Enquirer: 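Next up is a structure, given as structure tokens.
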Amino acid sequence: MAAEDLRSQIIAALEQEAATRGIDIVDVEIVGATKAPAVRVRIDHADESAETISLDEVAEQNAWIDAVIEGIDPFPNSYTLEVSSPGLDRPLRRERDFVRFAGETVALTTNAVEGRKRYTGTLEGVTDGLVHVTCDGEDFAFELGQIRSCAIKPTFDFGKKKA
């Protein structure tokens with residue numbers, strides 16, 4: 001099975017169970033060797049008004065996430081499960097993510113086979129199903145299917161200390 005199909009299958013299975021637990025599956029990533037991959041699952045509270053999920057809350061979700069993945073048995077051998085919060089560089093993958101985090105600086109990569117593939121700029125939101133990013137003073141619009149990856153690019157203020 002192709003890696004992207006496998007990722008989609010795992011996301012779909014996890015999202016189904018997560019909905020009953022008040023958890024949002026932010027992203028799933030499969031990395032490492034095919035014989036013993038690592039499955040990275042980023043989770044948060046489904047309630048967007050809640051604070052970011054804590055380390056203890058992440059640990060509480062580990063068992064059912066592992067059970068769901070084991071239930072679909074996607075790997076012929078062993079795998080390593082890594083469950084974490086979204087982090088500062090939160091990945092964006094659904095239309096609602098692009099709406100929710102409008103105004104943030106993002107790093108976006110497209111599936112383009114020619115021309116420019118990487119954009120870093122301000123996420124303007126979604127209009128008529130197109131994700132808009134202002135980069136280098138220009139507005140770029142992408143269909144969700146054109147976006148390979150997109151993540152918030154954290155900015156840090158290292159201004160002068162007050163005396």
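The structure presented is a predicted model; accordingly, all values stated were derived computationally and were not measured.
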Enquirer: If you look only at distance, which donor and acceptor atoms sit under 3.5 Å apart when one is on a side chain in residues 76-87 and the other is two or more places apart or in another chain?
Expert:
{"residue": "Tyr79", "atom": "OH", "partner": "Asp66", "partner atom": "OD1", "Å": "2.7"}
{"residue": "Tyr79", "atom": "OH", "partner": "Glu70", "partner atom": "OE2", "Å": "3.4"}
{"residue": "Glu82", "atom": "OE1", "partner": "Arg40", "partner atom": "NE", "Å": "3.0"}

Enquirer: Between Phe75 and Leu6, is there a side-chain heavy-atom distance shorter than 4.5 Å?
Expert: yes
Enquirer: Using only atom types and a distance under 3.5 Å, with no angle test, would you say the side chain of Asp136 pairs donor to acceptor with the backbone of Glu138?
Expert: no
Enquirer: What pairs with Phe101 under ring pair (Phe, Tyr, Trp, His ring centres under 6.0 Å), at least two apart in sequence or on another chain?
Expert: none
Enquirer: Please enumerate all residues that pass salt bridge (Lys or Arg N to Asp or Glu O under 4.0 Å) together with Asp44, with sequence neighbours excluded.
Expert: Arg90
Enquirer: Assess whether a salt bridge exists between Asp89 and Arg42, defined as any Lys/Arg side-chain N lying under 4.0 Å from an Asp/Glu carboxylate O.
Expert: no
Enquirer: Within the structure provided, determine whether Thr109 and Cys150 are in side-chain contact (heavy-atom separation under 4.5 Å).
Expert: no
Enquirer: Under 3.5 Å, which donor-acceptor pairs link side chains of residues 51-58 to any protein atom two or more places apart or in another chain?
Expert:
{"residue": "Ser54", "atom": "OG", "partner": "Glu57", "partner atom": "N", "Å": "3.2"}
{"residue": "Ser54", "atom": "OG", "partner": "Glu57", "partner atom": "OE1", "Å": "3.1"}
{"residue": "Glu57", "atom": "OE1", "partner": "His45", "partner atom": "NE2", "Å": "3.2"}
{"residue": "Glu57", "atom": "OE1", "partner": "Ser54", "partner atom": "N", "Å": "2.8"}

Enquirer: Does the side chain of Leu144 come within less than 4.5 Å of Phe98's, by heavy atoms?
Expert: yes
Enquirer: Measuring only between side-chain heavy atoms, which start at C-beta, is Ile152 closer than 4.5 Å to Thr105?
Expert: no
Enquirer: Should the pair Arg148 and Phe142 be classed as cation-pi, given the thresholds of under 6.0 Å to the six-membered ring centre and 45° from the axis?
Expert: no
Enquirer: Please identify each residue that fulfils salt bridge (Lys or Arg N to Asp or Glu O under 4.0 Å) with Glu15, with sequence neighbours left out.
Expert: Arg93, Arg94
Enquirer: Identify whether Leu92 and Ile147 are in the same connected component of the hydrophobic contact network (ILVMFWY, side-chain heavy atoms under 4.5 Å).
Expert: yes
Enquirer: Between Asp27 and Val41, does a side chain to side chain contact (heavy atoms under 4.5 Å, CB included) hold up when you go through it step by step?
Expert: CA-CA 6 Å; Asp27 194 31; Val41 180; over 6 Å; no
Enquirer: For the atom pair CG (Leu108) and CZ (Arg118), what is the distance rounded to the nearest 0.5 Å?
Expert: 10.5 Å
Enquirer: Membership question, hydrophobic clusters at under 4.5 Å side-chain separation (ILVMFWY): are Ile23 and Ile10 in the same one?
Expert: yes
Enquirer: What I'd like to find out is whether the side chain of Trp64 reaches to under 4.5 Å of the side chain of Leu14, using heavy atoms alone.
Expert: yes
Enquirer: Look at atom CZ of Arg21 and say whether more than 12 heavy atoms of other residues, nucleotides or ligands are closer to it than 6.0 Å.
Expert: yes
Enquirer: Is there a donor-acceptor contact under 3.5 Å linking the side chains of Gln146 and Thr110?
Expert: no
Enquirer: Counting C-beta onward and ignoring hydrogens, is there a side-chain heavy-atom pair between Arg100 and Glu48 closer than 4.5 Å?
Expert: yes
Enquirer: Start with the C-alpha distance between Val28 and Val39, add both sets of side-chain angles, then the distance that settles side chain to side chain contact (heavy atoms under 4.5 Å, CB included), and finish with yes or no.
Expert: CA-CA 7 Å; Val28 171; Val39 179; 4.1 Å; yes
Enquirer: In this structure, would Ile11 and Ile69 fall into the same cluster of hydrophobic residues linked by side-chain contacts under 4.5 Å?
Expert: yes
Enquirer: Heavy atoms only: give me the nearest Thr122-Gly103 pair and the separation to one decimal.
Expert: CG2-O, 3.9 Å
Enquirer: If I compare all heavy atoms of His132 with all of Thr127, which pair ends up nearest, and what's the gap?
Expert: NE2-CB, 3.6 Å
Enquirer: Nearest heavy-atom pair of Cys135 and Phe140: which atoms, and what distance?
Expert: O-CE1, 3.5 Å
Enquirer: Apply side chain to side chain contact (heavy atoms under 4.5 Å, CB included) to Asp24 and Ile43, showing your working.
Expert: CA-CA 6 Å; Asp24 178 33; Ile43 62 173; over 6 Å; no
Enquirer: Which residues satisfy the side-chain hydrogen bond (donor to acceptor under 3.5 Å, both in side chains) test with Asn111, sequence neighbours excluded?
Expert: none
Enquirer: Can you give me the closest heavy-atom contact between Ile30 and Pro37, atom names plus distance?
Expert: CG2-CB, 3.9 Å
Enquirer: Could you check if a side-chain atom of Thr155 sits within less than 4.5 angstrom of a side-chain atom of Glu104, using non-hydrogen atoms only?
Expert: no
Enquirer: So, taking the atom named CD1 in Ile25 and the one named CD1 in Ile65, what distance separates them when rounded to the nearest 0.5 Å?
Expert: 5.0 Å
Enquirer: For Ile72, does the CD1 atom sit with more than 12 other heavy atoms under 6.0 Å from it, leaving out its own atoms?
Expert: yes
Enquirer: Step by step, would you call Thr120 with Lys153 a side chain to side chain contact (heavy atoms under 4.5 Å, CB included)?
Expert: CA-CA 8 Å; Thr120 299; Lys153 188 172 172 78; 3.6 Å; yes
